Visitor: 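This is the structure I want to talk about, given as structure tokens.
Within every chain, numbering begins at 1; the chains are lettered A, B, ... in the order of the sequence lines, protein sequences first and strands thereafter. Note that the coordinates shown come from a computational prediction; the quantities given were computed from them, not determined experimentally. Atom set for the values below is all heavy atoms of this structure, side chains included, hydrogens, waters and symmetry mates excluded.
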Number of protein chains: 2
Amino acid sequence: MLHTPGIMRAKKAPTADLTVLERLRTAGLRPTRQRLALAKLLFAQGHRHVTAEGLFNEAKEHRVDVSLATVYNALHDFTEKALLREISIDSSRSYFDTNVGDHYHFYFEQSGRLQDIPAERIALANLPEPPDGVVARVDVIIRVKD
Amino acid sequence: MLHTPGIMRAKKAPTADLTVLERLRTAGLRPTRQRLALAKLLFAQGHRHVTAEGLFNEAKEHRVDVSLATVYNALHDFTEKALLREISIDSSRSYFDTNVGDHYHFYFEQSGRLQDIPAERIALANLPEPPDGVVARVDVIIRVKD
DNA sequence: ACCTTAATTTATAATGATTCTAAACTGCTT
DNA sequence: AAGCAGTTTAGAATCATTATAAATTAAGGT
């Protein structure tokens, strides 16, 4: 059985990977092995809410060898490039949301879990103008005792 | 010039102090020297937003001798007894708000300052019900690039 | 393919806010 | 006045996050 190692090695990864690679490039981020692997974990399925520690553990489970520092770096780089959005729910840790569109959140205090609420599910009217400066974003968090 | 040390010592503090003492008692908190002093700083004037570190420094300026641990204890005790409300704006520190009524916030990212928005200034309609559990509270934070 | 360079990764140390500990102290009731 | 549960405290410990500085690697040019 003949095979062509060179071509095998050069063979392109499945579509999902390509997309991730393009996303990174488009964002102006060098698609390193680590960033690609983390981005794949983050963006493979639907929207997610992760913590640095959580993503780090997930990477380990998937035999993705990255340092915790790199997970932090990647999360911040992705956030800076609007691939992620950072959410402050409690002072003890930060969550990162793969949904960067306009939306709000349920926060379940017991479990520490977050759930998206589509923007159209809440009518926010009469938003006051800030005394000065410009509105960067409006966060709405419905805290639920579950 | 005669004076009566015993009576002087026993003399009641001004109204504000009495009120603070009553507030603590009513809340079921023992009115210790430290808690009284901190409560006075917190509730003397209008509504305020403080951090533990900030209140600690303010205490020092006023020659109120309390430890940082006590400031943390007091802030948490007050919050538990609904004399304060804790607000999570960013993951690096907690703010405590002396306004425990229904209201929202402007957050000025540059300065790290918070400003109250009265509840009636924002119309929040169609709030979705949580899938399970009960709504503990709804936070609205308007983040301002100033 | 090979170089060069700047960006990235990494182990590890450092930081900073907060919490814990366990010993000393103090309101409050008897 | 005495005793005790509730508080305070200095200092150590914790935890998430950031900084450091050396090693690695992606990208572009030759």
Side-chain angles (χ1 to χ4, degrees), chain A residues 5-6 9-10 13 17 20-39 41 49-60 64-81 83-84 86-96 112, chain B residues 9-10 13 17-18 20-39 41 49-57 59-60 64-81 83-84 86-96 112:
Chain A
R9 233 176 269 122
D17 299 27
V20 162
L21 189 148
E22 279 159 11
R23 276 183 90 159
L24 292 184
R25 272 205 219 285
T26 304
L29 292 170
R30 229 155 68 173
T32 62
R33 179 173 55 74
Q34 293 85 339
R35 294 214 269 229
L36 279 168
L38 293 174
L41 290 177
H49 305 99
V50 304
T51 60
E53 204 67 34
L55 182 58
F56 179 60
N57 290 330
E58 198 178 325
K60 277 199 288 208
V64 172
D65 193 27
V66 282
S67 71
L68 181 56
T70 296
V71 171
Y72 274 102
N73 288 340
L75 288 173
H76 288 140
D77 294 342
F78 291 0
T79 300
E80 214 160 273
K81 293 307 191 335
L83 265 40
L84 291 178
E86 190 172 359
I87 303 171
S88 283
I89 263 46
D90 71 58
S91 47
S92 67
R93 56 187 167 178
S94 269
Y95 293 78
F96 293 85
Chain B
R9 233 177 267 124
D17 299 26
L18 248 186
V20 162
L21 190 149
E22 279 160 9
R23 276 183 89 158
L24 292 184
R25 271 205 220 286
T26 303
L29 292 170
R30 224 151 75 172
T32 62
R33 178 174 56 72
Q34 293 85 339
R35 294 214 270 229
L36 279 168
L38 293 174
L41 289 177
H49 305 100
V50 303
T51 61
E53 205 66 37
L55 182 57
F56 179 60
N57 290 330
K60 277 198 290 207
V64 172
D65 192 26
V66 283
S67 70
L68 181 55
T70 296
V71 172
Y72 275 102
N73 289 339
L75 288 174
H76 289 140
D77 294 342
F78 292 179
T79 300
E80 213 160 273
K81 293 308 191 336
L83 265 42
L84 291 177
E86 189 172 359
I87 303 171
S88 283
I89 263 48
D90 72 58
S91 46
S92 69
R93 55 186 168 179
S94 269
Y95 293 78
F96 293 86

Visitor: Please confirm whether the backbone N or O of A:Arg30 pairs with a side-chain atom of A:Arg35, one donor and one acceptor, at under 3.5 Å?
Guide: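 Confirmed, A:Arg35 side chain pairs with A:Arg30 backbone.
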Visitor: Do B:Leu75 and B:Leu38 come close enough that some side-chain heavy atom pair is under 4.5 Å?
Guide: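 No, every pair of side-chain atoms sits at 4.5 Å or beyond.
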Visitor: Indicate for each nucleotide in nucleotides 5-24 of chain C, in 5' to 3' sequence, whether protein heavy atoms under 4.0 Å reach the base (B), only the sugar-phosphate (S), or nothing (-).
Guide: --BSSBS-----SBBB----
Visitor: Within this structure, what is the CZ-to-C1' distance between B:Phe56 and D:dT9, rounded to whole angstrom?
Guide: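 These atoms are roughly 11 Å apart.
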Visitor: For a 4.5 angstrom cut-off between non-hydrogen side-chain atoms, does B:Glu53 reach B:Leu68?
Guide: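 Side-chain contact under 4.5 Å: yes.
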Visitor: Carefully, step by step, assess B:Thr70 and B:Phe56 under the rule side-chain contact (heavy atoms from CB on, under 4.5 Å).
Guide: CA-CA 9 Å; B:Thr70 296; B:Phe56 179 60; over 6 Å; no
Visitor: How long is the span from the OG1 atom in A:Thr26 to the NZ atom in A:Lys81, to the nearest 0.5 Å?
Guide: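 If I round to the nearest 0.5 Å, the distance is 12.0 Å.
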Visitor: Figure out the CG/P separation between B:Leu24 and D:dT8, and round it to whole Å.
Guide: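 So the CG-P distance, B:Leu24 to D:dT8, works out to 10 Å.
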